[in-house]
Structure formats: structure tokens, C-alpha cells
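Only one structure is covered here, and it is reproduced in the block below.
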Amino acid sequence: MLIMISKLITLFFLCFLLVLCYSDTIIRPRGVPLSMISLYPTEGTFTCFDGSLSIPFDQINDDYCDCEMDGSDEPGTSACPNGSFYCNNVGHKSMFIPSSQVNDGICDCCDGSDEYARQDVVCGNNCLELGQAAREEEARKIAMFKEGSKLRTELCFKGKQIKREKQLRLLELVKEQTEAENMKNEKEELKLKVEKMEKEALDVYKEFEDQKRKEKEEEERIKNEEEAMKYFKQADKNSDGVIDKNEIKMIDPFDQNQDNIISEEEIKTVFGEEEKLSFETFLSTSWEYIKQIFAARESLINNTLMKLLTEETYYDNEEEEEQDEDKDDAQQLETESERDSNTEDDSKPKYDEETKNIIEAANSARSEYDNAVRNLRDVQREIKQIEETLNKDYGKDDEFAYLVGECYEYANREYIYKLCPFDQVSQRPKDGGIETRLGTWGYWINDKYELMLFENGQNCWNGPQRQTHVKLNCNLQTEIVAASEPSRCEYLLEFNTPAACSWKESRDTGTDYHDEL
Ligand code: MAN
């Protein structure tokens, strides 16, 4: 207590001396702050701040502008267009205003000191009220900063933990990658081995199958020739081993236009320039054609018969018909499945047990190899993702790392904006429609961690690629609070986060309140 009292007495004494001193020898020109008073000496001359001119003290604030460049000789009048007038604003923030605003009829300083010569203008002094409100606002901000920076400290901790976990996972994955590579190589080796066995086993069957196919083809060829010979002999009425033009007139299929006469023209299509057909020529030139004609006729007869039968049944009984149809369908299905199974039987060789086992082993080796490749790819993908995540800059103390993998939305009048920090920004119309990419994570604009850039978004119609700046504000909540498009296809999001609350920085840049005498 005693110490306090003695300090107060000393302070009072010093102030008294100061006031005494100043009142005796120092005159403070109007519009000049105390800190600059030494630049305006009462003795000798005043030199314009830019050094352009020296003038006697009584020309200071004489309403004539001597220092034309900086207006420093007229801080308290509006004589110089570029001078500055200092408002003391005791109780609130002191400040400079352009000296051209002095005595212009508008109260600019909250203490009213800028309108000292205007009788018609009465400026009150509301510095105390304004100062009080400003101090309260500042106190609120400071409290928020304090609270926010506590949260930020927690986020730094969380961020570091997230990164540590990712680093650990990365170590694990690198190990898993080696294992997965080994597994893939092992499975590949096994696959190659079993596939070799499979090929050997199937080659035996292939040879066998080829042989079987050839035999079948040969059988068919012989059967075809026999049929052709049978027909040829029937046509070769005089059995001289050739068919001549008279004999061909009996061969019905050559009556191409079905007028019951085989014309010279029709004969020519078969004989060409030849007079007679040997069996060999008949086989190679006419037999296929005759077979086709027979097949076409047979199918025509079958179709007509079928049609007649169907019509009869229809008039008999509709219900019966339905049943028949069902039966027919079933029969057809049966026949089809029979045919399928026959085809299957025909096309697929019947393997012995050992070959079947080898094929099965090869299939399973292939599938195990595929799984191993897939697994390796998954591990490598995750490694890449984690490395990319770890390579990003999450702030001085990793305070922004907690935003990784999170997304935030904000709706304005037209669009819903979505921000996934360190990933991408998008926009979609409120009334539905497709999403437009407004940029993917780019970088921090400066080292203060206040502004992010998301770049290389979707092309703007007839313009550049879209991009988005995200401005970070200190707040206790994490949320987007504003979204705008300051110029076409360039977007700005305002994003609140406690990670942007650095108490130390707020104090460094904060405004001091001082009441000047
Ligand atoms: C869309 C939106 C707008 C943008 C125009 C440009 O409508 O992405 O933000 O201004 O395209 O054509």
C-alpha cells in the first residue's frame, strides 16, 4: 500500500512538472500530436517535413500553405490540401484526419476539435461513449481470441496427433506393401506353375479334340459325297457317268423360276460352257445349290403344315390351344435345353478327374493372384493418399490438420457452396442441378495462414478456370459464414475457425488505447 501511495505521488509530481514545463516553454500547434511537437520548435525556424522550405514559427497554422508538398506547416487549418490534422479524442482512439476536413462543417473528430472555428457548427464530445463501446467490443474480441486460442491449442495438439497417426499408419503400410509384394510374387509364381501344368494337360485334350473334329469333318464329307452320288446316279439316266443337257431337264431344282420348264438359260447357270457334267464338276458346282433348294422347299412345306395345324387347333378350342402352347413352350424349352446340353457336350471336352483338378487349381491360382494384385494396389493407393495428406501445410503448429476429411456447406440465395478444406470447393444450384467444381486445394496465399487458394476448377464458360479464395477468421465455431463471387468465376468464402485464433498475434497487432494529455 505504501509503495502504491509513493508511486502515485511521484507520478503526480512528474505530471505537474511536465505541465509546468510545457506551459512555460513549449507551444503545441493545433492539429499536432504530442509525439511530434519537437518538430515544431518555437525558437528558430520550422522546416517542412520534406525539407523543401524553412519558415518562422509564426507561419505555422497561419492559414497559408507554405509546405506545398506535404502540408506540414498547416496541420490545424485546411490551407494545405494534403496536410493531416490530429484529433486527440481523449477517451477514445486518437487519429489523423485530412486537414482539408478542418472547419468544413462536419464533425470528424469525436471530441469536435476539427470544427473549432465554426460558430454555426456545434460538435459535441462523444469520445467517452464511443471509446467505451469500442473498448467493450475490443474486450469481447479479446475474450473471444483468448477462448479461441485455447481451442487452437487443443487443435494443434489434435493436429499433431492426426499427423502422428497417419505417420504410424504409413509405416505400417510400407511394411504391408513389402508383404503384399512378396505375396503377389509368390502367387504369380504359383499361377505360372499351375498354368503350365494346365496347358500341358489341355494340350493333350486339344490334340484329341482336333483329331475328333477332323474325323467328324471327314465323316460329313463322305456322307455328303454319298448323297451327291446317289442324286447324280438318279439324274444320269443312261448311266454313262456324266449328266448331259437332256438329263438335266429332269432335275427339278434347276427350274429356277418354277415354270416346269428348264430353259437353256437355266441350264447355262449350271453347265456354263460345258456340254456335260462329270460327278466331280457336279459335286463342286451344283450339289450345294441343289441341297439348298431342297432345304428351302422342306422348310416351306414344314411351315405350311405347321400353319394349317395351328389354324385348325385355334378353331377347335381356345383353352386347349393355350394348354398346347404351354406344352409346346415346355417342349421347346426342353428341346432347347437338350440341345444346349448336347452342344455343351459337343463343344466341351470331357476331362478326366486329374485334368479337372488341374484346371480348378489353375483357376484358383489365378484368382488368388488377382486378389494379391488388388491388395497390393489398395495398399499402394493408401500410401499415396497418406503421403499426399502428410505433405500438405496445416499451419505453424498443425492447427488446421483437424479439417482434413471434413466438409462444410453454406447456402446463399442461389447456390449451396461446399468446402472440404485441403481438398476441394464446389457449388450446386439450390433448386437442383449438377455440382460445379470451384477449385481443388492449391496453397496458402502467404505465411500468415489467413487465406487459402483452391485453383484449377471447372472452366468458366468462355473464360478462365474457376478458383476460390477462402478467408479464415478467428471464431469459436468452425463454419462458412459468407460466400460471394467478387468477379465472374472467382469465388470468396469466409470461414470461421478457432485455428485462426492466435492470441499472441492479436496482441501484437491490436490497437493501443491511450489518453493523451
Ligand atoms: C454458373 C455458376 C456461376 C458462374 C457462371 C458463369 O452459373 O458457376 O457462379 O458465374 O456459371 O457462367
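This structure is a prediction, so every number in the text was calculated from the model and none was measured. Every number for a ligand or one of its atoms is a count from 1 in the order of the listing.
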ask   = Any idea how F85 and Y116 line up, ring-wise: parallel (<30°), tilted (30 to 60°), or perpendicular (>60°)?
value = parallel

ask   = What's the shortest distance from atom 7 (O) of ligand 1 to any protein heavy atom, and which residue and atom give it?
value = Y415 OH, 3.2 Å

ask   = Quick one: are the C420 and C407 sulfurs under 2.5 Å apart?
value = yes

ask   = Ring centres of F422 and F400 under 6.0 Å apart?
value = no

request  = Give the residue, atom name and distance (to 0.1 Å) of the protein heavy atom nearest atom 8 (O) of ligand 1.
outcome  = Q427 OE1, 2.9 Å

Heavy-atom nearest neighbour in the protein, as seen from atom 12 (O) of ligand 1, with distance rounded to 0.1 Å = R488 NH2, 3.5 Å

request  = Output the list of atoms in ligand 1 that are nearer than 4.0 Å to some heavy atom of C489, sorted by atom number.
outcome  = 6 (C)

message = Counting non-hydrogen protein atoms only, what is the nearest one to atom 10 (O) of ligand 1? Give residue, atom name and distance.
response = E485 OE2, 2.6 Å

inquiry  = Regarding ligand 1, does R466 bring an N or O atom to under 3.5 Å of one of the ligand's N or O atoms?
reply    = yes

ask   = Does the ring center of F46 lie less than 6.0 Å from the ring center of Y40?
value = yes

task = Report yes or no: is the cationic atom of K191 (NZ for Lys, CZ for Arg) under 6.0 Å from the centre of the six-membered ring of Y369, at an angle within 45° of the ring normal?
result = yes

message = Closer than 4.0 angstrom, basic N to acidic O: yes or no for K199 and D203?
response = yes

query = Do W461 and ligand 1 have an N or O pair less than 3.5 Å apart?
reply = no

